[in-house]
**Q** 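Here's a structure for you.
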Amino acid sequence: MPQAGFDTAWEHASAVPGWCTREQAHALWKAASKLGPGSSVLEIGSHKGRSTMVLGEAMRTAGGKVYAVDPFIEGRLFGGQSTRVTFEENIAGADLSDVVELCSDYSTKLRPHWHEPIDLLYVDGKHDYWTCADDFRWGVHLPENGEMLVHDAYSSVGVTLSILVNVFGSRDWVYVERTGSLALFRRARPTTADRLRVLAEMPWWIRNVMVKVLLRLRLKPLTRLLGHSGSVDPY
Ligand SMILES: C[S@@+](CC[C@H](N)C(=O)[O-])C[C@H]1O[C@@H](n2cnc3c(N)ncnc32)[C@H](O)[C@@H]1O
């Protein structure tokens with residue numbers, strides 16, 4: 001797989017504020033680059049386009065497209081219509097307007113009416129249990145062995161509970177690996193060993209929740225005892 005494609009993608013994407021690290025962007029790019037011509041990626045939660053641009057560059061090379069699903073809701077954390085304008089400028093600036101199709105809606109509202117096949121699913125939208133659980137249901141549109149990447153896995157409480165209920169307890173998902181909090185799942189029948197790998201991440205999840213609580217209590221020095229550095233949440 002040519003690394004040069006990723007370096008170009010990251011050069012553009014890293015200039016856009018967001019939460020996706022370089023290693024995680026590489027994992028997204030690698031998953032998308034495996035797809036063939038005519039295939040599609042569906043991203044839930046695009047914000048200013050940092051991860052969308054990485055997926056878009058990979059799909060331009062593959063000859064496919066990216067559906068970017070985001071309602072651009074007003075709010076302190078994410079911004080609303082001004083974020084949408086920035087997203088569109090970033091996509092156009094990277095010459096990805098022909099590759100990325102914006103679906104400006106809530107993933108949960110769009111899902112029941114969706115009929116297109118998708119080849120890769122990236123979940124990074126609302127992180128509460130119910131929305132995340134619903135977002136995993138987009139997986140029915142993936143082919144057998146199709147991949148789903150989930151950001152803030154084993155980091156956010158809502159996302160992790162959703163994994164416990166809808167992946168650990170399901171017959172449809174195999175947990176493969178994670179890059180920080182970016183977890184990779186494959187649509188296939190899990191073995192007992194596959195299920196146990198989900199449970200093996202629980203100590204890391206508890207550690208991450210403790211780090212987040214300490215950061216909000218302004219006890220940053222104590223997070224160092226848990227191996228955390230810096231003042232941002234563990235991603
Ligand atoms: C963490 S940000 C996404 C970051 C982005 N993937 C990146 O790498 O920069 C979460 C985004 O999810 C969007 N969002 C919130 N609820 C959503 C929903 N129900 N469906 C789709 N997107 C949602 C927010 O508007 C926000 O832009």
Side-chain angles (χ1 to χ4, degrees), residues 6 9-32 41-59 66-91 93-94 96 99-114 118 120-139 141 147-160 162 166 178-184 208 212 232-235:
F6 173 70
W10 185 242
E11 193 184 317
H12 293 140
S14 58
V16 174
W19 295 263
C20 183
T21 67
R22 186 182 197 282
E23 292 69 30
Q24 292 170 345
H26 189 254
L28 291 176
W29 183 83
K30 211 170 71 175
V41 177
L42 188 132
E43 172 183 72
I44 298 173
S46 301
H47 192 54
K48 294 182 178 172
R50 186 173 168 105
S51 51
T52 324
M53 286 161 75
V54 172
L55 292 168
E57 285 288 351
M59 294 312 281
V66 179
Y67 297 107
V69 181
D70 198 309
F72 296 104
I73 37 178
E74 299 296 336
R76 183 182 59 83
L77 192 54
F78 298 126
Q81 288 311 300
S82 62
T83 302
R84 177 186 175 144
V85 170
T86 306
F87 170 85
E88 289 174 330
E89 284 172 356
N90 287 335
I91 295 301
L96 287 169
V99 180
V100 175
E101 180 179 331
L102 175 61
C103 306
S104 184
D105 203 349
Y106 293 89
S107 55
T108 46
K109 284 195 183 162
L110 193 60
R111 187 190 56 73
H113 310 290
W114 188 268
I118 55 175
L120 176 68
L121 174 61
Y122 178 40
V123 177
D124 191 18
K126 200 171 179 198
H127 288 359
D128 66 281
Y129 168 79
W130 294 273
T131 306
C132 191
D134 195 276
D135 287 349
F136 288 1
R137 294 177 66 188
W138 282 87
H141 298 287
E147 292 182 335
M148 169 174 78
L149 286 138
V150 180
H151 202 245
D152 291 301
Y154 316 117
S155 167
S156 145
V157 171
V159 176
T160 308
S162 186
N166 301 289
R178 67 175 171 82
T179 307
S181 78
L182 181 75
L184 173 65
N208 287 338
K212 285 170 136 181
V232 293
D233 286 345
Y235 296 119

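In listed order, ligands and their atoms are each counted from 1.
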**Q** Does Asp124 reach ligand 1 with a nitrogen or oxygen that is under 3.5 Å from one of the ligand's nitrogen or oxygen atoms?
**A** yes
**Q** Which atoms of ligand 1 sit under 4.0 Å from any heavy atom of Ser46?
**A** 5 (C)
**Q** Can you check whether Gly45 has an N/O within less than 3.5 Å of an N/O in ligand 1?
**A** yes
**Q** Do me a favour and list the nearest non-hydrogen protein atom to atom 16 (N) of ligand 1 with residue, atom name and distance?
**A** Lys126 CB, 3.4 Å
**Q** Among all the protein's non-hydrogen atoms, which is closest to atom 22 (N) of ligand 1, and how far away is it?
**A** Pro71 CD, 3.2 Å
**Q** Can you name the atoms of ligand 1, numbered from 1 with element, that are less than 4.0 Å from a heavy atom of Val69?
**A** 21 (C), 22 (N)
**Q** Considering only heavy atoms from C-beta outward, does the side chain of His151 approach that of Val123 to under 4.5 Å?
**A** no
**Q** Are any of the side-chain heavy atoms of Ile118 and Val41 separated by less than 4.5 Å?
**A** no
**Q** Could you tell me which non-hydrogen atom of Thr179 sits nearest to which non-hydrogen atom of Gln24, and how far apart they are?
**A** O-NE2, 3.1 Å
**Q** Which atoms form the tightest heavy-atom contact between Tyr106 and Val69, and what is the distance?
**A** C-CG1, 4.4 Å
**Q** I'd like to check which ligand 1 atoms, numbered from 1 as shown, lie under 4.0 Å from a non-hydrogen atom of Ile44.
**A** 21 (C)
**Q** For the residue pair Phe87 and Phe72, does the interplanar ring angle fall in the parallel (under 30°), tilted (30 to 60°) or perpendicular (over 60°) class?
**A** tilted
**Q** Is there a donor-acceptor contact under 3.5 Å from the side chain of Thr160 to the main chain of Ser156?
**A** yes
**Q** Quick one: does Ser51 get an N or O within less than 3.5 Å of an N or O on ligand 1?
**A** yes
**Q** Hey, does Ser107 come in under 3.5 Å of ligand 1, counting only N/O atoms on both sides?
**A** yes
**Q** If the plane angle is over 60° it's perpendicular, under 30° parallel, otherwise tilted; pick one for Phe6 and Trp10.
**A** parallel
**Q** Can you tell me the protein heavy atom closest to atom 15 (C) of ligand 1 and the distance?
**A** Ile73 CD1, 3.7 Å
**Q** Give the residue, atom name and distance (to 0.1 Å) of the protein heavy atom nearest atom 9 (O) of ligand 1.
**A** Arg50 CB, 3.5 Å
**Q** Is there a polar contact, in the sense of an N or O pair closer than 3.5 Å, between Asp70 and ligand 1?
**A** yes
**Q** Whether the side chain of Asn208 engages the backbone of Tyr154 through a donor-acceptor N/O pair (distance < 3.5 Å, no angle test) should be reported.
**A** yes
